[in-house]
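Some notes on the structure that comes next.
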Amino acid sequence: MSGAVSGGTAGAGAIRFRSLTLGYDRHPAVHHLDGIIAAGDLLAVVGPNGAGKSTLLKGIVGEIRPLDGTVEAGPRSGAVAYLPQAAEIDRSFPLSVLDLVAMGLWRPLGAWRSLTRQRARLIEALAAVGLTGFEDRPIGTLSGGQFQRALFARLILQDARIILLDEPFTGIDERTTGDLLALIRGWHREGRTVVAALHDLSQVRAHFPSTLVLARRPIAWGPTREVLTPSVLARALRLSEAWDEAAAICRHETHHEAHPTDGAGADGTHDHGHGDDHHDHHGHGHAHAHHGAVS
């Protein structure tokens with residue numbers, strides 16, 4: 001995996017960012033992100049609350065259009081499966097567990113195709129997440145862990161090459177977390193690309209070889225053991241707290257990717273000469289994350 005590193009091409013990576021800025025009401029939430037998430041990477045996205053982690057995943061899947069720059073995420077036809085935060089999903093809708101999981105087949109089969117011939121696949125997916133016998137249970141009766149297992153079964157049926165997970169372990173029990181982590185490791189072994197927004201840094205260190213640290217902009221991106229350091233996390237917190245919510249977007253008139261020897265500071269950022277902290281109260285610079293950057 002590389003973050004704003006030379007040598008990669010769009011075809012070589014599962015996901016590519018080119019000066020990507022994402023936000024709401026013309027105010028950026030993720031600012032000037034460059035780099036490539038290589039096919040088959042297992043990447044954690046971490047940062048303080050409000051750092052832009054969920055916004056980035058929504059930008060990759062296409063729920064949010066870029067304010068500036070671009071994001072390319074493989075061939076768009078069925079390439080990306082996305083699991084939002086549990087709080088964003090309405091569990092009051094009268095669906096059975098089987099109906100919920102069957103939604104993973106809508107793209108290949110269409111909404112009106114019969115699922116009768118696919119029942120074996122549905123049952124197999126439920127078994128893979130430990131929900132054998134739950135087919136007819138209303139989703140509103142499930143515990144948090146059981147509901148998350150059902151959502152992972154839906155991901156299995158989507159059979160996507162890129163899988164995006166937004167806080168997939170929040171509010172679930174330790175056993176379920178372990179089982180779902182095992183599924184994620186299996187996807188990684190199959191060569192799928194998995195990107196997960198996470199807040200538990202011990203999980204990141206134990207299970208995710210690559211990490212992107214965000215604080216509305218990339219702070220560090222590279223091997224987890226190199227970038228997940230106290231100094232990087234402290235800097236991310238400082239920049240996140242200093243962010244100006246009312247800032248307008250800043251477009252690059254000219255753009256190039258940062259290189260390890262291209263004027264990078266000791267903190268792994270590439271400064272364009274307008275100050276240190278873009279869109280915070282201390283200046284108006286903008287920066288790119290480097291592979292293996294540390295502060």
Side-chain angles (χ1 to χ4, degrees), residues 1-5 8-24 27-47 50-89 103-104 107 151-152 154-155 158-170 184 187-188 190-199 204 208-222 224 227 249 255 257 288-289 291:
M1 189 276 297
S2 58
V5 177
T9 65
I15 305 169
R16 180 163 194 160
F17 310 110
R18 295 180 183 272
S19 193
L20 177 67
T21 296
L22 298 164
Y24 308 90
H27 299 306
V30 175
H31 185 73
H32 287 313
L33 175 62
D34 287 273
I36 298 172
I37 302 174
D41 200 1
L42 180 54
L43 174 73
V45 181
V46 305
K53 302 185 294 295
S54 296
T55 299
L56 177 60
L57 298 188
K58 290 176 180 178
I60 294 171
V61 80
E63 285 195 4
I64 299 175
R65 297 178 64 87
L67 297 178
D68 194 19
T70 61
V71 54
E72 303 168 15
R76 277 293 181 181
S77 179
V80 183
Y82 169 56
L83 177 64
Q85 292 187 26
E88 299 180 24
I89 302 173
M103 291 179 180
R107 187 181 296 274
L151 293 175
F152 267 67
R154 186 174 68 177
L155 290 173
Q158 287 182 259
D159 196 27
R161 299 305 302 172
I162 301 172
I163 302 169
L164 310 178
L165 308 170
D166 195 353
E167 299 288 0
F169 311 124
T170 299
I184 290 171
W187 290 333
H188 181 49
E190 293 170 357
R192 301 178 195 268
T193 306
V194 182
V195 182
L198 299 169
H199 68 273
V204 175
F208 289 78
S210 301
T211 297
L212 167 61
V213 181
L214 278 182
R216 304 292 187 120
R217 78 181 198 194
I219 303 302
W221 185 357
T224 297
V227 304
I249 63 172
H255 169 70
E257 290 190 346
H288 302 274
H291 177 77

Ignoring hydrogens, what is the shortest heavy-atom contact between W221 and D34? Give both atom names and the distance. CZ3-O, 3.3 Å

Could you check if a side-chain atom of Y24 sits within less than 4.5 angstrom of a side-chain atom of T55, using non-hydrogen atoms only? yes

Heavy-atom nearest pair, L165 first then P168, reads CB-CG, 3.9 Å

Looking only at non-hydrogen atoms, find the nearest pair between A44 and L198 and report the distance. CB-CD1, 4.1 Å

Any salt bridge linking D68 with R18? Criterion: basic side-chain nitrogen under 4.0 Å from a carboxylate oxygen. no

Find out whether V46 and V204 are in side-chain contact, i.e. whether some heavy atom of one side chain is under 4.5 Å from a heavy atom of the other. yes

Between P218 and H31, which heavy-atom pair has the shortest distance, and what is it? CD-O, 3.6 Å

Carefully, step by step, assess S54 and Q85 under the rule side chain to side chain donor-acceptor pair (under 3.5 Å). CA-CA 8 Å; S54 296; Q85 292 187 26; 2.9 Å; yes

Any side-chain to backbone donor/acceptor pair from R192 onto A160? Under 3.5 Å, distance only. yes

Looking at H188 and G40, would you say the former's side chain and the latter's main chain have a donor-acceptor pair under 3.5 Å? yes

Roughly how far, to the nearest 0.5 Å, is CD of E167 from CG of L57? 9.5 Å

Looking at CG of L42 and OG1 of T211, how far apart are the two atoms once the value is rounded to the nearest 0.5 Å? 9.0 Å

Any donor-acceptor pair under 3.5 Å linking the side chain of S19 with the backbone of H32? no

Are any of the side-chain heavy atoms of H199 and F169 separated by less than 4.5 Å? no

What are the two closest non-hydrogen atoms of G23 and I64, and how far apart are they? O-CG2, 3.9 Å

Residue pair D166 / L83, side-chain heavy-atom distance below 4.5 Å: no

To the nearest 0.5 Å, what is the distance between CZ (R216) and NZ (K53)? 10.0 Å

Sub-4.5 Å side-chain heavy-atom contact between L22 and L67: no

Side-chain donor or acceptor of T193 paired with backbone N/O of A14 under 3.5 Å: no

